[in-house]
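For reference, the structure discussed in these notes is given below.
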Amino acid sequence: MNKRTASSPRPLVIVESPNKVATISKILGDGFTVKASYGHFADIPAKRGSIDTANNFTATYVPSKKGQEVIDMLRDELAQASELILATDGDREGEMIAFLLVEFLQPTVPVSRIVFNSISRLEVLAALEDRKQIRSSLVEAARTRRYLDYLYGFNVSPVLWSKVRGNLGAGRVQSPALRMVVEREKERLAFVETTYCGIEATLSIEAQVVATLRTIDSVPVAKSDDIDDAGIVAPPAQLLLLADAQQLAAALRATSLTVADSKTEGYSRKPRRPYTTSDLLQDIYSRLKVGSTAAQAIMNQLHEKGLISYPRTDSPSLSGVAMAAARQQAVELFGASCVPDKPRLYFPKRKSAQEAHEAIRPSNMSLRHPKGLSTQQAAVYDLVWRRTVASQMVDTTGTTVTVTLHANTINPEHWCVFTAAGTTIVEPGHRRLYSSVEDDEPTPLAEFTVGDVFGLSAVEVKEHVTRPPARYTDASLIRALEAQEIGRPSTYAPIIQSLRDEYVWSKRGDQALIPTLTGVAVHQFLSTCFPTLVDYTFTREMEEELDSIVDGNSTLVDMLSKFYSLGDGEWPGLVSVIDDVEKSYKPADHDVLTIGVHPETGEPIVLKPGRSFAGKKSVRGTRSRPSRTSGSPYIKCGSRNVAVPDNTELSQLTVDFALQLLNTPTEARVVGEHNGEEVTVKVGPYGPYAKVGARSVSLPSGTDVATVSMADIEPLLAFPRALGVDPASDDEVVLKRGRYGIYVEKAGDTRPVPADTDPAGVTLEHALELLARPKKGRGKR
DNA sequence: CAGTGAGCGAGCTTCCGCTTGACTT
């Protein structure tokens, strides 16, 4: 330490990730100091009013607590440095971090910016020779993205609080994600199951050849692809019904098949591209059944062990060195012919991919089985290794034979055409290392001679039922978001996590994402009141405008004022849209769902979101929210209301289900006694409550009166509790339980008791102390 | 389809994107 401070000043290189520091230090040698910014160390504060919308959208970045320590550390380093070299990632956010480093460090030494896409000696040294300055247009675009997300989230979320319930959030990424889950659920509800039949004929030859009936009198037999979600069959295909199929199969058993055509075509499959974050999350899920958060954690662990490259990327491209190493591995295993003449290049699918990083690949391609890994880590490493090496191998090639066979039945009289197909692999190529779960194992089929006739050893009717569109899983939702260019690799797993806080749930041991009733209600509200904001193209259009800022054809103020205040074309501006919604949207006029009609009274049965749903414990951040005591989603029929759990599937919300709930007698149940008086529980018009003698006490909403026990009720009976008299004023001090929780009262003056305080332990002294504090005012001005 | 307890007081929530935090000998 002392030796270093004494040495002559050296350039200070700042990168984003501490994981990079050692590698880059090694490349640059003793002449440089390398330190990390730990990502974004500063941000605009997460509270109201952080952006001055009246004054050209100005805002101030403030370091986080951890960020301030980073800045202090970097400032100390800079004091001994000869120059400052900003080597943050080569994307929009990296440029912003570089800019903020300059802002907060206020360097007096020369500053330059370098960019490298992979950490190889060649690239890093080349970058050092190519010094640049910070691109202010890129910084402006990054700032615009950040401000727009803030304006969206921090203006729309409060509308949810006033129209649906508190603690809910809306945002550019999470709201379209929620929309996907809810719309998929509705597609499943609207889905019409269709039963269709097929006929399979087994030829009486030694090899197992099964031919499938394709047309009857030139009319195609409907396959699942021909039937849509409403059960409509696309012409000219027609459904083959069971009775007809059985009759036809019986007639076919008496016939033979004549080969009408035998066609041989080349078969060829390219390897999959190297892994991006979403590809790997998808593969980890489909092979290991590990959800996105755990999967991302495993990827991060492998990266921290130095085994794989950076695990949050949207680029499938490999560095030249990595491509050469992958090819070499393939050649060592399978010989020189298993790789093409030239390395295979891969490019990002999405236009807005920012290519700050390579694909996810082994750091050291010749390391086949690293030691000391958990089973899951080893499995993920193996996937990464296989897919990377396979991506540089030759195509899988072979031949596909398609045989067409004819049959004529006498009674009923029909002309039937069958086909059979098979593929013979000649060159396995990349398949030797990696094949996708979606790829079926090819089955070989020999060529046939036209005119040959085959008897049939079996003719079977296969009955199939169409399946509704599958629910999203973590991985498939991430893939769908990525396809719409919504969200970034560093946020894919966190997005799912935050949806799970309020808006989606899964059954035990399953990953399928099911919207909560809250989620359905919020989506319903957003799609009604803010259709533009939940449009899947919103992010893409934002990205296009950000590009025009980078190109110098637009500015932050232009873009944000169009979004926020002035409007643009059809869009009247966020302020105006929110004003309209606040004024005209009456929650009472909007049902989440119409379940049906009461069979006797004819009254509609509807689902309501509840004014304020029962709060759930959240693990977002480090604090957990206090549980709330009022409201829950409920079914309404005439004047009757019945609560429903938030994790009820929409498909369960039938008229029968509703009637069953509505008809459940609300008889009082005796749970025990308190001070010699009988305690009963009951559900009334205001929710569940307990009755002790003449006194009634509300139970927290969501309480199940069938299972609630005295242990749950006893603590509630302790309120109100006299704490004593304030010696200073002679006023009574009382501890009470109200709508918002526990509070103390003295002469009409109240203070809430903090949620982390045990009410049983509250004393007069404690209460007076609370009352002595100033009453909190709401927000600022 | 009818009928069912009482009724004191707030402040706060929220966005998306970068990146790892670590008690000792």
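Proteins get letters first, then strands, A, B, ... in listed order; numbering begins at 1 in each. From a predicted model like this one, the values you see are computed outputs, not experimental measurements.
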Hits for ring-ring contact (aromatic ring centres under 6.0 Å, His included) against A:Y150, two or more places apart or cross-chain, chain-then-number order -> A:F154

Practice problem: Output all residues satisfying ring-ring contact (aromatic ring centres under 6.0 Å, His included) with A:Y147, sequence neighbours left out; order by chain, then residue number. | Solution: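 Once residues adjacent in sequence are excluded, A:Y147 has no partner under the ring-ring contact (aromatic ring centres under 6.0 Å, His included) criterion.
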
Q. Separation of A:H40 atom NE2 from B:dC16 atom C1', in whole Å?
A.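 Taking atom C1' of B:dC16 as the reference, NE2 of A:H40 is at 9 Å.
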
From CD of A:Q68 across to C1' of B:dG21 the rounded distance in Å is 16 Å

Here the side-chain hydrogen bond (donor to acceptor under 3.5 Å, both in side chains) pairs for residues 58-68 of chain A, sequence neighbours left out, are A:Q68-A:D72

In short, A:I578 meets A:N155 closest at the heavy-atom pair CD1-O, 3.5 Å

Can you list the residues that meet the side chain to side chain donor-acceptor pair (under 3.5 Å) rule with [X], with sequence neighbours excluded?
X	value
A:E304	none
A:T23	none
A:R146	A:D43

Here DNA chain B, pairs taken as Watson-Crick or G-U under 3.5 Å and shown with ( ), [ ] when crossing and | when to another strand, reads .........................

Open item on the list: Which is it for B:dG5, anti or syn, if anything within 90° of zero counts as syn?
Closed with: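 Because its glycosidic torsion lies more than 90° from 0, B:dG5 adopts the anti conformation.
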
If you look at every strand shown and take non-hydrogen atoms under 4.0 Å, does [X] touch a base, only sugar-phosphate, or nothing?
X	answer
A:A36	nothing
A:G171	sugar-phosphate
A:N19	sugar-phosphate
A:P752	base

- Message: Pick the closest DNA chain B nucleotide for A:V156 and for A:I97 by heavy atoms, then say which residue is nearer the 5' end.
- Response: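 By nearest-heavy-atom nucleotide position, the 5'-most residue is A:V156.
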
**Q.** Short side-chain N/O contact from A:T491 to OP1 or OP2 of B:dC16, under 4.0 Å
**A.**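 So the side chain of A:T491 is outside the cut-off, no N or O lying under 4.0 Å from OP1 or OP2 of B:dC16.
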
Expected list for residues 295-305 of chain A near DNA chain B, using heavy atoms below 4.0 Å, is none

side-chain contact (heavy atoms from CB on, under 4.5 Å) filter on A:A36, not counting sequence neighbours, yields A:V15, A:P18, A:V21, A:Y38

